[in-house]
Structure formats: structure tokens, C-alpha cells
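Notes to accompany the following structure.
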Amino acid sequence: MTVLSRSWSRLTLPGKIVLTVAPILLVLTVGLVAVIAIFGGPILDVLAANLPIVRFVVAATIILLITVPTAFLIIYMEMKIIALMNLRIGPERVGPWGSLMSVTHGLKVLAKEDFTPTGADTVVFTWAPVVVYLASVMSLLVIPFAPGLFGQDFNIGLLYFFAVSGLGVVGLLMGGWSSYNKYSLLGGLRSAAQVISYEIPLTLSVVGLVLLAGTMSLNTIVEQQAGWFTDWYVFQQPLGALIFFIAATAEANRTPFDLTEADSEIVAGFATEYSGMRFGFFFFAEYVNVFIVSALIVTLFFGGWNAPFAWPWPVELSADPASLGVGLLLLVAVVPLILTLVFATPFWLASSRIKGWQALVIGFILANLFIVALVGGWAYIGLDWVAGILWFLGKTYAFVFTFVWMRGTLPRVRIDQLMDFAWKWMLPASLLNLFVTAAAIVVVDALRNGR
Amino acid sequence: MSFVPGLGIVRGMALTLRRFFEPKVTIKYPEQRAEVAPKFRGRLQLLYDEWGTLKCETCFQCAQACPIECIDMGGIDTRGRYHVHWGPPETYGERREESALRRSGRTVPDQAYEHFEPLDLHSIDAILEEHDHDPKRMLRIMEDVQGVYGYLPVGALKRISETTGAWYAMLYGTASFYGHLRLEPEGAARGGMASDEAATRRPTEAAFRSDLDAALVGRTPGDRPGAPAQA
């Protein structure tokens, strides 16, 4: 209780307002949903007539909401994994295995003073983190999470992605320029130089893939990689994938290219004058960017939501729970009991040292595991979006782990090394990749057509 | 190893991944205590009281407890008594050698011995012979020696230490503890703090000491140590 009251007293006035208004809004929303459910007929008709708009709004809202737990999860991963690699334990006090530590960090950032320096361009200063965050959220909109589970399927999805994620640079420059601080300005220009330099090899490395795929729609690109993992584009575009990975590391401002906001240096680049939640938004955007970059690598080169192998025994499940009617209710009521008893019996019979209640507890746990496995398996086989999102998130977080792993290992490069690498190595390599791919396509086409 | 571009990165990444799975070194302090060697006593340092004087009473208990006898005492104690010093400040290695000598039963050569005024040791040796060089009768030995010299010279204490095998630290502790034993000739000017000033600063200790002195009233040299004094 004291923690709550102390946190409350440390909130700024806007924070207090938000904290008061948010529950009221929540209640209002629930009431609105209830009203719609009761008098929903005509409203539903209007909504159904404008289904694409409704779909877009819902998708944007959901994506805006899932960025928050995603960022929390990645921040936690970063703290924990780097700690384990340093032979430390890392966060372990707040929540199970310290998993709520990043939430605490978020609250801490909320409770801090939101400071604007004298002489700063207040409007631009305030909007800079919003622009950075918006660029991240908007580029997440085109990423296909699973079959049928994406924000929007553009036929120019890849182009949209690069265009919108490039918008983040504007936010960084805004933050650096409006701070009225020469270090912020230098930091902003430095990060703009870095991000724009790496934008070029990043985009060029994908052109070869676009030539191969013949489309810029991310959904279609993923569908083309279905089947075994040998169909993934990484095996046709290894150099492209490598360049994309390195350039994406620089784009997301991750180690070894994290010069934009070099943590260990005293002056924090473009964010020098930022504090409180505005600073927090820059950080949130950075971690959302890590997720986005990983997701894009997976989507383009590692098969997206496709499983790495074709399921050898195609199973057709036509179980429709609704067809059972009242029987379903009975099933839900009785089956757990029966399963608990069934799993408890062998333990009870096996040893006289296991008491009846102990056997029942074991049976209950095993029955729950069994049911979860059953339902999960049914969902995995029966609903392809469940399987898709599992594979997609699994692969994506493998890449997030790689980014964190790199941060735990590699030292930061110098600014001249950074620029040299971008212009002298990455750019020629991506051009080479483009030409070789184009030539290979021409040759293969000529051979196929027998000319 | 030949130079392969990027090999260093791969090796570094492999190293951190190995570390990732290794057991961790962090100790969760309040719940979990580090295993410390039983003889570990932390860093040695002398503390000062709130008046800025050393809290050290020169009681030699630390020197007695030190298993390798690396602790040495020097300076003037809180009661302004004679300073105790065993020659030049010894280094740890020298002390260890000396300690090994002492443990092997041989007498320890003391370079500082000549610095003290020569002392006629025959009477001390006679007293020691009388008491069979028994360190358990130390109080009576000291009382007899004081009876001969009027006080306990440092050279006499060293002789007793050498022949009985008792540590000098123990002898000094015993001699400085009892009020009727003196480490300097009677009536000699005392440097440092006056004893009544010390008494006002440490009332509890002063009360204890006066009780002890009262209990030892009427005691003559040769009384059995530990016997209740006849009032």
C-alpha cells in the first residue's frame, strides 16, 4: 500500500490524470460493448458494410497494444540474457524469474520528471518520440504473423516498410534539433548519418529477393517459401540475407552499431535532453525495432510462418465442438474428473506410500497437462494460424536472442569504421548480390525456355 | 591460426554462449552467505573512539589470537603507559620465520634485545627455577620479579617469555591488567593521558578496575592467584 501511495505521489499531473481517466475509459468501453451487444443490429450492419476500415482500425489498435508487451519482453530478455552471459543472475526479484522487472522500469520512467529544457522547440521536442514510435508501430502493420493474421496486405508491402521505417530518422533528427543542445544536435546528425547510410545496403540487399519473388507483398513472399526449409530464400540469397542482417542491426541501432545512443558514453546522443516517458518512448521504439527487424528477417529469408518441414502425415481434423450441443457442456464437466481419476489410479495402486490425496493431486496435474497438450495439438493441427504464429514467433525470438547475444559480445565500432563499412563494403556487396541474382535469373530463364 | 575474416566474431560469440550455460558466480547476499575460511577475520585496522583516541588498549589479545603471529604492537597505550615495541617493524615473512622458530622450541633471536638497558638476569632465573618455568604460575613469577626489581622491566618480561615459552603478548597483557603490577619504576612520570581523565571517559571500565583493586587489597606477593582476597 505504501508502494502504491508513494508511486502515486511521485506521478506528474498528466500521469495522475491519465491514471484516473484510463479506468473510466475502460468502464465506458465495456459499457459501449454491452450496448452494442444489446442494440447491435443496425450498428453491425454499418460495420459490415465498411469491413476493410473496421479491420484496419482493429489491426492498428491491436498492433499498437502488442508493441508494449513485446518491448517489455525484449527488455527483460536483454537484461536476463546479458546477465547470464556475464555469469551474473540478472533480474530475479520482481515477478517469476524477474520477468516483471521491465514493467517496473516502465513505471519508474513514468514516475520521473518530464523535463523540457529552456529554449527547446517545445512542439518538435514533444513530437519527436511520437514520430519515432509511430514509425515502428506503422512498419509493424504489414508484417504477416500467421496465415490471415496481419495488419494489412499491401502489394507494395516491402516498399511501404522501408518508407515508414525510414521515417524514424526524422524523429531522431527532430529530437536532436529541438533540444537546444549542441551535443543533442551532433548526436542527432550522427544517428541520421548512420541510419541513412545503412538504409541503402538494407534496401539494395532485398532487391535481389524481390527479383526472385516477383512481388513486394510480404504475404506472397512468405507463401512462396512454403514447404521444406530448403525453400527459404536464405538459401537462394545468402549474401543478401547476411547484408540485410548486418544493415538491419545498424538500422535498429543495436550493438556493434549502437552509436546513436551509445549507452556507455556520458552524453546520450540525440536523447541527451530527454527524460521521463519521452525518453522511455525512444527506448520502447528501439526495442520494438529489434522485434520488427527480426520479424522482417524471418519473413523475407527464413520462411515467415512456415514450418521448416512439411508435415509428413497430413491430418484432417473435422472436429466441430459446436455440433455436440448440450453434450459439450457435459463433456467439459465430466471429462476432467474422469481423467483425473484415470491418471491418479496407477499412482495410487503402484505404491502404498503414496497417499490417496497425493495420487489425486498427481492425477489432477497430469490430467491438466494431458488436456492442454490435447487442445494445443488440436489447435496446432486444426487451425493453421496457431501453428503459423508459433513458428513465426519462435523464429523471430531466435533472432531477437541473436541481437541480444551480439550485444553481450561485440564491442562498439568507431564512427569512421561504421561509415567505411557501410560505403566501402556493404554497398558494393549488395550491388554484387543484385547483379549476380539478376544474371542468374536471366540464365535460368534462358535454360528453361530452351534457348 | 590463419586469418579468416569474421573468425574473431564467431569465437567471441561462442565464448559468450558457453558462459550463458555455465554456473553463475553471483551470491544472493541476504539469503545466501559466501563461504569464508574459518580463520578469516576481515581486514585488520585500529578503530578510534568518539574523542579521537585509539580504542586499542594494547591488551595484546589480538596478538595472542593471531595464529601466525603477524600482529605487532607499538606506540603508547590509552593509559599513557610505557610503549611496547619489538624492535623494527617486522614484515610478515620475518614474523613467520620467527614464529616457526618459536614453534620448533628454539629461542627466537631478537635484534631489539640489545637496545634495552642490560639487566641482571640471575635473580630472574632463580625465581623461574623456583617456579619450575611453569607458565601457569605466571602471576606469581611476575609478582616475585617485581619484588626483586620494584617493577617489571621489559628485559625481564622477555626473559620470562623466552624461558617459559609463554608469549610476550600474554605476559604484557597480564602485567598491564593487574593494578599492583607495574611496568615502570614507582613514581616515574607518566606520559600521555592522566588516569583520572581516562576514568571519566570510560566510567564502566573505571568502576570495574576500582572493584578489582578493592578485591586485591592486602594482597602480598606469593598469594595463590584466583583466591578470594581476605577483606
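Letters A, B, ... are given to chains in the order of the sequence lines, protein chains preceding strands, and every chain is numbered from 1. Hydrogens, waters and symmetry mates play no part in the numbers below; they use all other heavy atoms, side chains included.
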Subject >> Among the listed options A/Ile81, A/Asn86, A/Leu87, the residue most often paired with chain B at heavy-atom distances under 4.5 Å >> reply: A/Leu87
Original post:
How many angstroms lie between CG in A/Leu84 and CZ in B/Arg19, if you round to the nearest 0.5 Å?
Top reply: 13.5 Å
Original post:
Considering residues, nucleotides and ligands other than A/Phe401, do more than 12 of their heavy atoms fall under 6.0 Å from its CZ?
Top reply: yes
Original post:
Do B/Leu15 and A/Thr409 pass the side chain to side chain contact (heavy atoms under 4.5 Å, CB included) test, and can you show the C-alpha distance, the side-chain angles, and the key distance before you say yes or no?
Top reply: CA-CA 8 Å; B/Leu15 178 76; A/Thr409 310; over 6 Å; no
**OP:** Check whether more than 12 heavy atoms from other residues, nucleotides or ligands sit under 6.0 Å from atom CZ of A/Phe162, and answer yes or no.
**Re:** yes
Original post:
What part of B/Leu17 lies closer than 4.5 angstrom to a heavy atom of chain A: side chain, backbone, both or neither?
Top reply: both
Original post:
Looking at B/Glu31 and A/Arg93, does any basic side-chain N land under 4.0 Å from a carboxylate oxygen?
Top reply: yes
**OP:** Inspect the surroundings of CD in B/Glu22 and state if more than 12 heavy atoms from other residues, nucleotides or ligands are less than 6.0 Å away.
**Re:** yes
Original post:
Rounded to the nearest 0.5 Å, what separation is found between the CZ atom of B/Phe21 and the CE atom of A/Met85?
Top reply: 8.0 Å
Original post:
Taking all atoms of both residues into account, what is the closest heavy-atom pair of A/Trp405 and B/Met13, and its distance?
Top reply: NE1-O, 3.0 Å
Original post:
If you take all heavy atoms of A/Ile89 and B/Thr26, which pair is closest and at what distance?
Top reply: N-OG1, 3.4 Å
Original post:
Which distance, rounded to the nearest 0.5 Å, do you find between the OG1 of B/Thr16 and the CE of A/Met406?
Top reply: 11.0 Å
